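The structure presented is a predicted model; accordingly, all values stated were derived computationally and were not measured. Note that these values count all heavy atoms, side chains included, but never hydrogens, waters or copies made by symmetry.
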Amino acid sequence: MNMTARRLQASPDDAADETPERSTGYVQSLDRGLAVIRAFDAEHAQLTLSDVARRTGLTRAAARRFLHTLVEIGYVEADGRLFSLRPRVLELGYAYLSSISLPELCRMHLQRLAAEVGESVSVSVLDGTEVVYVARVASNRIMSVDLGVGARLPAYATSMGRVLLAGLPEDEVDAHLGEMRPLTRYTLIDREDLLAELARVRSQGWALVDEELEEGLRSIAAPIRDRSGRVVAACNMSTAARRGPASALVSDLLPHLLATAAAISDDLSALR
């Protein structure tokens with residue numbers, strides 16, 4: 001039973017208030033009305049009046065008043081003795097979700113991923129020929145440049161850039177390549193070879209860049225998609241090449257990255 005339900009059980013009389021001391025702005029009736037909404041869940045999609053009273057700790061009389069009010073304003077529907085939530089209840093969460101920016105939405109997921117894999121993780125978007133970092137959790141400094149939110153890197157030589165380029169319509173890719181110059185001895189700069197690599201990224205759903213941006217640095221990226229399936233951002237993790245072969249990055253860390261990118265995509269679809 002949740003804390004609200006236990007508190008209400010200690011004060012079953014709707015007129016009484018034996019709850020712990022609250023601020024002067026506390027509204028008990030609002031607390032109890034929300035407790036009625038929370039009484040419904042996946043395992044209790046339909047409840048009787050008695051069920052609601054029992055799960056919230058309210059008296060039957062109080063539960064009846066709250067249920068009838070929620071029916072009147074469209075959050076609950078009644079079918080004989082059974083009550084259930086209506087889709088309008090989603091409005092209560094949508095106001096919060098719709099106010100969240102992409103960096104805010106990503107932060108929790110990135111922190112969890114960084115803790116899981118012990119590597120630096122980032123999210124970026126495409127701006128012209130560059131990727132722009134919009135969120136980052138750095139576990140350690142493995143690059144000679146200190147990347148932060150707002151940092152820009154050439155899209156053609158980065159794992160996130162290749163994911164973002166691969167997500168574009170093929171006739172738009174060329175305009176986002178710009179001048180390609182070697183950043184290391186491994187940088188892929190032949191246009192035809194890069195287009196072939198983007199086709200592979202598009203097919204497999206992720207990109208690996210091995211010491212092309214900076215020697216000693218390896219990174220892997222996955223797409224973040226909106227509700228329509230369009231690639232709108234990319235998520236990556238970076239690691240030192242000396243820590244093992246690239247195949248280990250794919251086998252050991254890629255599943256965590258793909259799960260995180262999918263979770264961010266799901267959250268993004270819910271609020272856009």
Side-chain angles (χ1 to χ4, degrees), residues 106 109-110 113 117 119-134 142-143 147 152-226 228-266 268-269:
C106 294
H109 294 288
L110 294 186
L113 178 60
V117 302
E119 303 290 355
S120 298
V121 295
S122 311
V123 168
S124 72
V125 296
L126 186 65
D127 183 24
T129 61
E130 299 175 312
V131 297
V132 181
Y133 281 67
V134 297
I142 59 176
M143 297 186 66
L147 293 175
R152 291 173 173 267
L153 291 174
Y156 70 90
T158 60
S159 60
M160 288 190 289
R162 290 184 183 174
V163 163
L164 292 165
L165 291 169
L168 294 173
E170 292 187 35
D171 59 352
E172 295 181 18
V173 171
D174 198 64
H176 291 271
L177 292 181
E179 179 187 358
M180 295 188 296
R181 58 186 180 84
L183 303 176
T184 74
R185 53 184 166 162
Y186 303 109
T187 308
L188 186 62
I189 58 172
D190 182 85
R191 193 168 295 261
E192 292 304 315
D193 289 345
L194 183 58
L195 291 176
E197 176 62 17
L198 293 181
R200 188 160 72 96
V201 170
R202 191 178 299 115
S203 174
Q204 69 188 12
W206 51 272
L208 172 68
V209 168
D210 194 0
E211 300 190 80
E212 294 186 50
L213 177 68
E214 181 175 315
E215 292 198 28
L217 176 70
R218 182 178 290 144
S219 67
I220 194 166
I224 295 171
R225 302 178 184 274
D226 64 12
S228 68
R230 182 173 61 97
V231 177
V232 294
C235 179
N236 91 331
M237 63 175 67
S238 302
T239 187
R242 66 177 181 273
R243 294 188 181 178
S247 58
L249 182 62
V250 174
S251 61
D252 298 342
L253 300 185
L254 178 60
H256 297 277
L257 178 66
L258 291 174
T260 297
I264 296 173
S265 297
D266 288 344
L268 189 63
S269 296

Contact summary for L213 and A157, nearest pair of heavy atoms: CB-O, 3.6 Å
Gap separating the CG atom of N236 from the OG1 atom of T260, nearest 0.5 angstrom: 11.5 Å
Nearest heavy atoms of E211 and G216, plus distance in Å: OE1-N, 2.7 Å
Over all atoms of both residues, closest heavy-atom pair of I220 and V250: CD1-CG2, 4.2 Å
Option passing side chain to side chain contact (heavy atoms under 4.5 Å, CB included) with M160 (candidates P223, S122, C235): S122
Verdict with supporting geometry, L208 and R162, side chain to side chain contact (heavy atoms under 4.5 Å, CB included): CA-CA 9 Å; L208 172 68; R162 290 184 183 174; over 6 Å; no
More than 12 heavy atoms of other groups within 6.0 Å of E170 CD: no
Non-hydrogen side-chain atoms of Y156 and R181 separated by less than 4.5 Å: yes
E119 side chain reached by R243 side chain, heavy atoms, under 4.5 Å: yes
T129 backbone acceptor or donor facing H176 side chain under 3.5 Å: no
4.5 Å side-chain heavy-atom contact, Y133 and L153: yes
Side-chain polar contacts of residues 186-194 - donor-acceptor pairs under 3.5 angstrom, sequence neighbours left out - could you list them?
{"unit_1": "T187", "atom_1": "OG1", "unit_2": "L183", "atom_2": "N", "d": "3.0"}
{"unit_1": "T187", "atom_1": "OG1", "unit_2": "T184", "atom_2": "N", "d": "2.9"}
{"unit_1": "T187", "atom_1": "OG1", "unit_2": "T184", "atom_2": "O", "d": "3.3"}
{"unit_1": "T187", "atom_1": "OG1", "unit_2": "T184", "atom_2": "OG1", "d": "3.4"}
{"unit_1": "T187", "atom_1": "OG1", "unit_2": "E212", "atom_2": "O", "d": "2.6"}
{"unit_1": "D190", "atom_1": "OD2", "unit_2": "E192", "atom_2": "N", "d": "3.2"}
{"unit_1": "D190", "atom_1": "OD2", "unit_2": "D193", "atom_2": "N", "d": "2.9"}
{"unit_1": "R191", "atom_1": "NH1", "unit_2": "D174", "atom_2": "OD1", "d": "2.7"}
{"unit_1": "R191", "atom_1": "NH2", "unit_2": "G178", "atom_2": "O", "d": "3.4"}

Any L168 side-chain heavy atom under 4.5 Å of L126 side chain: yes
Flag side-chain contact, heavy atom, 4.5 Å: I224 against S265: yes
Any side-chain heavy-atom pair of V209 and T158 under 4.5 Å: no
Closest non-hydrogen atom pair between S238 and L217, with its separation: CB-CD1, 3.9 Å
Closest non-hydrogen atom pair between S269 and R225, with its separation: OG-O, 4.3 Å
Residue pair S159 / V201, side-chain heavy-atom distance below 4.5 Å: no
Flag side-chain contact, heavy atom, 4.5 Å: L254 against L258: yes
Contact summary for D210 and A246, nearest pair of heavy atoms: OD2-CB, 4.0 Å
Atom pair CG (L257) and CE (M237), whose distance is rounded to the nearest 0.5 Å: 4.5 Å
